[in-house]
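Below is one structure, written out as structure tokens; the observations come after it.
Chain identifiers are assigned alphabetically (A, B, ...) following the order of the sequence lines, protein sequences preceding nucleic acid strands; residue numbering begins at 1 within each chain. Just so it is clear, the model here is predicted, and its values are computed rather than measured. Computed over heavy atoms, backbone and side chain alike; hydrogens, waters and symmetry mates excluded.
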2 protein chains.
Amino acid sequence: MLAGYQLRGVHGQTVEALARRILSGEIPEGATLDLLALREELDVSLTALREALKVLSAKGIIDARQKRGTFVQPRSTWNMLDGDVLRWRSAGPPDPDLLEHLAEVRSIVEPAAAKLAAQRATDTDLADMDDALTRMAGAAGKPGELVDADLDFHRALLGATHNQLVVQMERVIASGLAMRDQVVHNADPADDPVPSHRKVLEAIRAGDAEAAEQAMRALVDKASEDLRRISGH
Amino acid sequence: MLAGYQLRGVHGQTVEALARRILSGEIPEGATLDLLALREELDVSLTALREALKVLSAKGIIDARQKRGTFVQPRSTWNMLDGDVLRWRSAGPPDPDLLEHLAEVRSIVEPAAAKLAAQRATDTDLADMDDALTRMAGAAGKPGELVDADLDFHRALLGATHNQLVVQMERVIASGLAMRDQVVHNADPADDPVPSHRKVLEAIRAGDAEAAEQAMRALVDKASEDLRRISGH
DNA sequence: GTGTCAAGATATATTACTAAATTAGTATCT
DNA sequence: AGATACTAATTTAGTAATATATCTTGACAC
């Protein structure tokens, strides 16, 4: 049960089904949706379908205009930073570009976050990170727990920036970790993730912004490197 | 007409009204929504209300569970990077924290984006940025056009990273510019924004990643500085 | 050419109903 | 008395049929 970073099934399965068709490209960008046909295919009422469309519309995936019809919007207007959208995308066949982009965002955001965290972390923040690290150390062998604890560490770190918007990047990182797991499965037991994380934490605890930034940069650079090596680029 | 970076009225006014009430704190976090009461207050049908709720639910603002009720979620789960959410927030009384956080995200993302852009910008990207810069230079005195061109420049720059996720940060930047405009109104005509932007563009054109990063850092640092000075901190 | 008007199409809203899910209370049995 | 099983109440979720509002297109007049 590695559903640790899977959001609760907030929106019914109609949305999921529709989203999958669009995200996968089965229904391409620019296409006009045939609501009546979809209604039959998905075997739901029109109102239920429209509620699903409202969700997708809220995420910038479709646009429903009177008289003209309901269109799939270009991918550039999709809310790629939305947790659901990321999850739907990662559900399909693994997209190497997406993985690359996710890693890139991490390497932009996380070192900067570590820097801020070093300047602002409260005792509670530190305790949260410490707790996650302890659980990481104790989860050797149990891949599910390890990923959960890993994510918790990064979540706590982002929280320590005390910047609401930075905290939201959690979704990107969670998605990145989830997709990585789909690809790697059995990580090399030789490289223990704990020391590198501890290095970050200690720099933050010491309030050394530069050291924290650098330690985090090393961490995400290694992650990117691992990814590149595995995805065969 | 400074609606340049205002999204088309995608979702009806019911969503807007509900969103305002929640975002403003009138309906606080954790509150249980009384659908029947809201139905009357907003004077819409229940299905229309439910569609509005679906939109808010898609943005992580509320959570509707059968039998238990519909709850306002804690702010930490709201999709703060969503364009609509940002717009709704900036509609209310200006939140100094939000401005600060927006500026912080800019100062994290944009220098990194400039660096990537220097490595990847195509001729088209450069032309787009150049065009925006030209329009900036020609829009002296006309504040609306200036902001539009400014935003276009940053949009083009983000596009030049060729990273879908980074491109999405446009919403954050657009929101930041919009909120800044609400506050400053009449900018000091003494400081012309064009030279600093041109410096960034030229570094990108030259493919000098470090210079581009630095030039952009200088730019956003100055913006943050201006903001801090005005908002009276 | 430009503006106005009518017709057609389609998303949007309304009403009223049924179904499903889940909590809490109640009764029953051991 | 305590645990289990049943029942009721509440509230979201879904269905269906119908009406309305608004946008697009094309035609027609000016």
Side-chain angles (χ1 to χ4, degrees), chain A residues 3 6-22 27-74 77-78 84, chain B residues 1 3 6-22 27-74 77-78 84 88:
Chain A
Q6 164 117 7
L7 298 173
R8 294 192 303 283
V10 198
H11 327 297
Q13 58 190 89
T14 305
V15 191
E16 301 276 335
L18 242 181
R20 230 187 309 280
R21 291 200 192 188
I22 296 176
I27 304 177
E29 301 177 50
T32 307
L33 297 185
D34 183 342
L35 302 196
L36 285 310
L38 280 173
R39 193 208 74 82
E40 280 204 32
E41 281 182 61
L42 301 174
D43 193 36
V44 292
S45 78
L46 215 102
T47 38
L49 178 58
R50 271 184 47 213
E51 285 184 355
L53 292 174
K54 265 278 167 4
V55 173
L56 297 184
S57 154
K59 295 183 189 304
I61 296 173
I62 63 168
D63 186 19
R65 314 284 288 271
Q66 288 195 170
K67 161 67 187 179
R68 293 186 50 180
T70 301
F71 306 101
V72 178
Q73 293 283 93
T77 73
W78 297 4
D84 291 322
Chain B
M1 213 248 289
Q6 165 116 8
L7 297 175
R8 293 190 305 281
V10 197
H11 328 296
Q13 57 191 92
T14 306
V15 190
E16 301 275 336
L18 242 181
R20 231 186 309 279
R21 292 202 190 188
I22 296 176
I27 304 176
E29 303 178 48
T32 307
L33 298 185
D34 182 343
L35 301 197
L36 285 311
L38 281 173
R39 194 208 72 82
E40 280 202 34
E41 281 182 62
L42 301 174
D43 192 38
V44 292
S45 77
L46 223 121
T47 38
L49 177 59
R50 272 180 45 209
E51 286 184 353
L53 292 174
K54 266 271 162 22
V55 172
L56 297 184
S57 153
K59 296 184 189 302
I61 295 173
I62 62 167
D63 185 18
R65 315 283 288 270
Q66 286 196 171
K67 163 65 189 176
R68 294 187 49 182
T70 301
F71 306 100
V72 178
Q73 294 281 94
T77 72
W78 298 2
D84 292 321
W88 291 329

Using the 3.5 Å cut-off, write out each protein N or O paired with an N or O of nucleotides 20-26 of chain D and the distance between them.
residue : atom : partner : partner atom : Å
D:dT22  : O4'  : A:Q66   : NE2          : 2.6
D:dT22  : O2   : A:Q66   : NE2          : 3.3

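- We find the NZ-NZ distance between A:K54 and B:K54 to be 11.5 Å, quoted to the nearest 0.5 Å.
- Note: CZ (B:F71) to P (D:dT11) measures 10 Å, nearest angstrom.
- Residues satisfying the side-chain contact (heavy atoms from CB on, under 4.5 Å) test with B:A31, not counting sequence neighbours, are B:I27, B:P28, B:V72.
- Between the CG atom of B:L53 and the C1' atom of D:dT11 there is a distance of 13 Å, rounded to whole Å.
- Between B:L53 and B:L35, some side-chain heavy-atom pair lies under the 4.5 Å cut-off.
- Here the CG-CZ distance, from A:L33 to A:F71, works out to 9.0 Å after rounding to the nearest 0.5 Å.
- Rounding to the nearest 0.5 Å places CD of B:E16 at 12.5 Å from CG of B:L42.
- Taking the side-chain contact (heavy atoms from CB on, under 4.5 Å) definition, one finds that B:T77 meets it with B:Q73, B:P74, sequence neighbours left out.
- Sorted by first and then second residue, the pairs that involve residues 27-44 of chain A and meet side-chain hydrogen bond (donor to acceptor under 3.5 Å, both in side chains), not counting sequence neighbours, are A:R21-A:E41.
- Among residues two or more places apart in sequence or in another chain, the side-chain hydrogen bond (donor to acceptor under 3.5 Å, both in side chains) test is passed with B:S45 by B:T47.
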Please write out each protein N/O paired with an N/O of nucleotides 14-16 of chain D under 3.5 Å, distance rounded to 0.1 Å.
residue : atom : partner : partner atom : Å
D:dG14  : N7   : B:R50   : NH1          : 3.0
D:dG14  : N7   : B:R50   : NH2          : 3.3
D:dT15  : OP2  : A:S45   : N            : 2.7
D:dT15  : OP2  : A:S45   : OG           : 3.0

